[in-house]
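Worksheet: one structure, shown below.
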Number of protein chains: 2
Amino acid sequence: MINILLAEDQTMLRNALATILDLEDNLQVVHSCATGKLAFDYMQYQHGQQVDIVLSDIEMPDMTGLELAQHLFEAKMSCKTIILTTFARSGYLRRAMDSGVKGYLLKDSPSHELIAAIQKVHQGGSAIAPELMVESWMEKDPLSDKERRALRLAKDGLSTEDIASKLFLSPGTVRNYLSSACSKLDAKNRIEAARIAHQNGWL
Amino acid sequence: MINILLAEDQTMLRNALATILDLEDNLQVVHSCATGKLAFDYMQYQHGQQVDIVLSDIEMPDMTGLELAQHLFEAKMSCKTIILTTFARSGYLRRAMDSGVKGYLLKDSPSHELIAAIQKVHQGGSAIAPELMVESWMEKDPLSDKERRALRLAKDGLSTEDIASKLFLSPGTVRNYLSSACSKLDAKNRIEAARIAHQNGWL
DNA sequence: AATACCTGATGACAATTGTCATATTCTAGC
DNA sequence: GCTAGAATATGACAATTGTCATCAGGTATT
């Protein structure tokens with residue numbers, strides 16, 4: 001019997017996944033939760049030893065699936081992590097691999113592939129969505145930390161002034177960072193830069 | 001037996017939903033597809049008479065769930081439509097109600113509520129997510145058609161010039177539209193305006 | 001100490017964007 | 001025909017943004 005911990009913030013999908021996984025003879029969802037934080041707490045303080053596979057979404061409030069994977073990795077938990085996410089962003093895959101993730105698949109693949117991936121990972125293998133193998137060699141994140149933070153705020157339409165005060169920088173410096181982000185990403189303005197960065201999983 | 005047509009572009013969720021609905025004694029997913037267009041084609045040319053409930057996501061490629069609902073409504077199909085979507089945007093709900101939709105619920109609610117909603121709608125009732133009843137009285141979409149289209153392009157970081165050529169307008173006119181959108185939405189710039197409009201379901 | 005390097009800041013200038021007043025058509029209604 | 005109101009365009013001006021050269025203060029290395 002393979003014991004699974006499920007982390008996914010959308011309740012409908014979480015319920016549905018739990019149901020179809022439980023339908024399999026040798027799969028059992030022992031716990032499911034809506035944020036990475038809750039999943040990590042469960043692993044750390046409660047019943048970690050019972051869990052073989054952690055199946056997690058990426059974009060969740062409180063703690064993302066990538067952060068969860070990293071924490072589990074650093075805590076040397078015995079479980080194996082599988083990421084299940086919407087977008088094929090090479091930056092995400094890279095971070096996942098760096099965090100010792102054993103499986104990475106897309107929500108846009110049939111559910112039997114998920115079940116196959118769980119079995120395969122549990123037997124010691126790995127399962128990466130084939131769509132991603134191609135892209136995984138894309139250039140790595142060229143942004144500095146400050147550039148990234150400025151871009152995130154710019155994406156929501158904040159003005160230079162607002163960004164500057166949120167980051168405790170001068171407006172001029174913020175414009176420098178955004179300008180450099182634009183040239184790195186070959187974008188015409190901060191918004192296009194933010195879009196490109198987001199599409200690549202760099203935000 | 002209630003016959004269901006399922007339209008949802010995310011394969012994993014589509015499969016999972018189909019499975020859990022089929023587990024119910026009196027529910028049966030007769031067909032499932034990934035776009036509104038495919039769903040409408042199925043209803044129109046093939047086996048429309050067998051379908052009691054159309055269960056549809058909103059944001060799908062090719063044809064959205066709201067457009068699907070509108071087409072089914074205008075074609076006076078006998079089926080009843082239920083929308084299942086991620087965000088609680090009052091603009092979406094308004095358009096759904098105008099298209100004769102009988103149910104509107106959020107992906108962030110447990111799956112048993114979906115099943116209950118299907119039963120209720122099939123018996124002639126309606127099922128609206130309670131979170132939405134409050135918001136539904138929000139102000140209606142203040143944007144004109146041109147403003148909306150300009151905002152959509154601005155959201156992706158296109159320059160005034162680019163937007164103008166895509167809409168076959170002069171750059172000056174585009175700036176007028178964006179400026180008016182900003183003042184209508186009380187935004188400081190086009191990006192903030194686009195974000196506000198998107199959050200309200202007006203894009 | 002001398003050097004290089006990194007982060008943050010400044011000033012100057014051009015390009016883009018936001019705002020507003022004012023045309024120019026074109027259409028619908030009277 | 002006349003008028004009102006749209007949709008579109010133009011010009012002017014201010015504000016914001018993008019780009020670049022340069023500077024000041026730290027820190028690390030040799």
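Numbered from 1 within each chain, the chains take letters A, B, ... in sequence-line order.
A/Glu147 and A/Ser180 share a side-chain donor-acceptor pair at under 3.5 Å. A donor atom on one side chain and an acceptor atom on the other are found under 3.5 Å apart for B/Asn26 and B/Gln119.
Salt-bridge annotation for A/Arg149 and A/Asp145: present, with a side-chain N of the basic residue lying under 4.0 Å from a carboxylate O of the acidic one. Salt-bridge formation is not detected for the pair A/Asp57/A/Arg14: no Lys NZ or Arg NE/NH1/NH2 atom is positioned less than 4.0 Å from an Asp or Glu carboxylate oxygen.
Heavy-atom nearest nucleotides on DNA chain D were determined for B/Phe168 and for B/Arg175, and the one closer to the 5' end corresponds to B/Phe168.
Proximity of residues 144-163 of chain B to DNA chain D (heavy atom under 4.0 angstrom from any strand atom) is restricted to B/Lys146.
A/Arg152 pairs by the salt bridge (charged side-chain N to carboxylate O under 4.0 Å, His left out) definition with nothing, not counting sequence neighbours. Residues that satisfy the side-chain hydrogen bond (donor to acceptor under 3.5 Å, both in side chains) test with B/Ser170, not counting sequence neighbours, are B/Thr173. Not a single side-chain hydrogen bond (donor to acceptor under 3.5 Å, both in side chains) links B/Arg175 to another residue, sequence neighbours left out.
Using a 4.5 Å cut-off on side-chain heavy atoms (C-beta onward), A/Leu93 and A/Met97 make contact.
On the nucleic acid side, DNA chain C contacts chain B at distances under 4.0 Å to non-hydrogen atoms, with the end points of that region at C/dT17 to C/dC20.
Within 6.0 Å of atom NZ in A/Lys184, more than 12 heavy atoms from other residues, nucleotides or ligands are found, so the atom counts as buried in its surroundings. Atom CD of A/Glu161 is surrounded by 12 or fewer heavy atoms from other residues, nucleotides or ligands within 6.0 Å.
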Please tabulate, one pair per line, each protein N/O and nucleotide N/O from nucleotides 20-22 of chain D that are separated by under 3.5 Å, including the distance.
from   : atom 1 : to       : atom 2 : distance (Å)
D/dC20 : N4     : A/Asn176 : OD1    : 2.9

